[in-house]
Amino acid sequence: MAASTGRRRPPRSRLCGRWASSMRRRFGLWRGITGQRATIRAAKRWPRRSRSSSWRRWASSWTDRGGRHLRAPRAPCATCASGDRGAARGSAPLPYTWRMTAIRVRIAPSPTGPLHLGTARTALFNYLFARHTGGTFIFRLEDTDQARSTVAFEREILDGLHWLGMEWDEGPGIGDEPERGSYGPYRQMQRLGRYTEAADRLLEQDKAYHCYCTPEELEAERNRQEATHQAPRYNGRCAHLTAAERAALEAEGRKPVVRFRIPANRTIAFDDIVRGHVEIDTNALGGDLVILRSDATPLYHFTVVVDDAAMAISHVIRGEDHLSNTPKHILLFEALGSAVPQFGHLPLILNPDRTKMSKRKSETAVADYRAQGFIPEAFVNYLALLGWSTGTEEEILSMAELIERFDLSTVNKAGAVFDRERLEWLNGQWIRRLTADELIDRLRPFMEAELAAGRIDWLPSEGEMRALLPVVQERLPTLSAVGELIGFLFVKEVEPEPALIVPKRWDMPTTVAGLTAARHTIAEVGRVSWEADEIEPPLRRLLEDRGWKAGDLFMAIRVAVTGRTATPPLFDTMVALGYERTLARLDRAIERLGAQAATS
RNA sequence: GCCCCCAUCGUCUAGAGGCCUAGGACACGACCCUUUCAAGGUUGAGAUCAGGGGUUCGAAUCCCCUUGGGGGCACCA
């Protein structure tokens, strides 16, 4: 039994009834309500979660550390990694209080720019985690950077997340209400009082102090440290001022900031859901931390903690760029007397050069992708698969399927380069899965954009679009490609270069002869019936009579009629164009070729 | 400089000590289908699992070191 610890199917957790039943359905395993383990028949087919490395790392740390033998740890919840770890630790010292609380996660963007890809992905992982576990997903606006925050960005972020298909249970932007939820307000600018109040509490307990150093002095100190190759760190000059010293500095007209005392020589340890055990020495934290500016407005590290505590956030799921900041947060949670949430640090999305994705080097605004005709189904699917996979060979997954399969603890640790080609492929896959009505609806704004840009002369009717759909749907990598694909149908004239009309293996006289003959044939059939199936056979007969190759004649017609060398199937295209307009374009092409021949 | 994290095809990934001669997908090549473009099908090339040491009968997998990459260290978020 001991040997199979790592492979054992994790015991059922009360949080994961849904997971357990879905696994039972999928693998036909059954376990009675007594919790007895089913016979293991196909260990290989078990969900990976039961063998996740981070979980194993926890397990080994529990058994090995401190030279103590702990009883075999109970598995964290198979899917949410949030089982009753308190119990599992047995007699091991707890680094902080673990409480079995409701799962509450949040996305806390700052409205200082357009919705960033990375924010969208972090939001998605939080959302999937919340929905998978039946937890609460919260939206909080971190708008304390008043210089850069705007309502336009705020709108864009809200819209962007909604567009991707995420709704939250608490926060602004739900229905018509200004905000919903009983932990509000959800805008930090409306919570300012709480930060100063919290800071006062820390001040009172001497966990924080006033610091009178000016930005210039700090800057000078940093430069000095840099010059001597030391780590930048606050030297604690104001850490122990006497009342008299403070009064003197105040008299100079100095406005103090509030600094939080970072204890020296302490190791902060936490079990990150995606990374496993992490330990960081407090001496590496850069010294005492400013939590309130001299104008009394709070700083990020302080607001997150105060708010996460106040909002009873149970799991902080965020980008890896915050990993090194986590000890500061843990210290603040402790100082504030709050329960420390669990952390899960997601790998970063990378530029092609493997640096953290930035707008300088990559397209980062979700709105831009939307404008380029990516659809949310594909975007969400792609984002979810950046740094995570189901462990199976499934690639195309709807939001509902992602929610069902998502598992935070199997998220990858290494950063992932954003691959636009793969996104485009997924987008094409999802476009093909759209119903006709959906696709027509979604294409409409893109056709309107074509019109506005003057690339087409009028809008197709709903009926025209519907008729075109079968040949269009599988040819669209993005919605915005629609103009390129069928725009020629909605312009008055196409004027292809005569040289383009002449197929590679033909010369100009042959082309004129070919088009003329084809024009007659098409005119004949069209008088009787104007359908793709009717047009093709007589043209094929013509080819046979003249000994021409289909590719040549059809290409000449294609270019004459559409102005392009790549189009949807020719006969469908001509039908969509209409009898008269097809003939008119053929005539015009013949005429222009003739004129060209005469001048050369 | 200090601290932390990471390392499997070009890219996203599977992998949990023997199912690995390392699987899938994107991209790329060829072929089939074909009036072009797509889509689809078949197929190919592409990874000495960053390198080196251990542990083991056996290591992509566990341990150590090295190297490389990334992130963090603000009166930004």
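These values consider heavy atoms only, across backbone and side chains, with no hydrogens, waters or symmetry-generated copies.
Using a 4.0 Å cutoff on non-hydrogen atoms, the parts of residues 142-154 of chain A near RNA chain B are A/E142, A/T144, A/D145, A/R148, ordered by number.
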Assess the residue pair A/F379 and A/Y369 against the criterion (ring-ring contact (aromatic ring centres under 6.0 Å, His included)); give the C-alpha distance rounded to whole Å, side-chain angles, the decisive distance to 0.1 Å, and a yes or no. CA-CA 9 Å; A/F379 210 76; A/Y369 289 91; 5.4 Å; yes
Could you list the protein-to-nucleotides 63-72 of chain B atom pairs, N/O on both sides, closer than 3.5 Å?
| from | atom 1 | to | atom 2 | distance (Å) |
| --- | --- | --- | --- | --- |
| B/rG71 | OP1 | A/K356 | N | 3.0 |
| B/rG71 | N2 | A/S324 | OG | 3.1 |
| B/rG72 | OP1 | A/K356 | NZ | 2.8 |
| B/rG72 | O2' | A/N325 | OD1 | 3.3 |

Set out, line by line, the N/O atom pairs under 3.5 Å between protein and nucleotides 40-49 of chain B.
| from | atom 1 | to | atom 2 | distance (Å) |
| --- | --- | --- | --- | --- |
| B/rG40 | OP1 | A/Q429 | NE2 | 3.3 |

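Evaluated for a salt bridge (Lys or Arg N to Asp or Glu O under 4.0 Å) with A/E320, the options A/R275, A/R121, A/K356 yield exactly one hit, A/R275.
Residue A/T567 places none of its side-chain N or O atoms closer than 4.0 Å to OP1 or OP2 of B/rU36.
If you check every strand for non-hydrogen atoms under 4.0 Å, A/F571 touches a base.
Sorted pairs that involve residues 379-388 of chain A and meet salt bridge (Lys or Arg N to Asp or Glu O under 4.0 Å), not counting sequence neighbours, are lacking altogether. Judged as a ring pair (Phe, Tyr, Trp, His ring centres under 6.0 Å), not a single pair has a partner in residues 214-239 of chain A (not counting sequence neighbours). Sorted by first and then second residue, the salt bridge (Lys or Arg N to Asp or Glu O under 4.0 Å) pairs involving residues 470-488 of chain A (not counting sequence neighbours) are A/E484-A/R564.
Scanning for ring pair (Phe, Tyr, Trp, His ring centres under 6.0 Å) contacts around A/Y195 gives an empty result, with sequence neighbours left out. Listed by chain and residue number, nothing satisfies the ring pair (Phe, Tyr, Trp, His ring centres under 6.0 Å) test with A/W430 (two or more places apart in sequence, or in another chain). With sequence neighbours left out, the side chain to side chain donor-acceptor pair (under 3.5 Å) criterion links A/T511 to no other residue. Residues meeting the side chain to side chain donor-acceptor pair (under 3.5 Å) test with A/D288, sequence neighbours left out: A/Y209. By the salt bridge (charged side-chain N to carboxylate O under 4.0 Å, His left out) test, A/R187 pairs with A/E154, sequence neighbours left out. In this structure, A/Q473 has no side chain to side chain donor-acceptor pair (under 3.5 Å) partners at least two apart in sequence or on a different chain.
Distances were taken from every side-chain heavy atom of A/L299 (C-beta onward) to each of B/rC6, B/rC75, B/rU36; the shortest belongs to B/rC75. Closest approach to the A/R422 side chain among B/rU35, B/rC76, B/rC12 is made by B/rC12 (side chain taken as heavy atoms from C-beta onward).
The partner of B/rU43 is B/rG29, judged by Watson-Crick or G-U wobble contacts that both fall below 3.5 Å. B/rG68 and B/rC6 make up a base pair, with Watson-Crick or G-U wobble contacts both under 3.5 Å. Nucleotide B/rU55 forms a pair with no other nucleotide shown, judged by Watson-Crick or G-U wobble geometry with both contacts under 3.5 Å.
Between the side chain of A/R475 and the base of B/rC37 there is at least one donor-acceptor pair of N/O atoms closer than 3.5 Å. Applying the 3.5 Å distance criterion, the base of B/rA74 shares no donor-acceptor pair with the side chain of A/R222.
At whole-Å resolution of the value, CD in A/E226 and P in B/rG1 are 11 Å apart.
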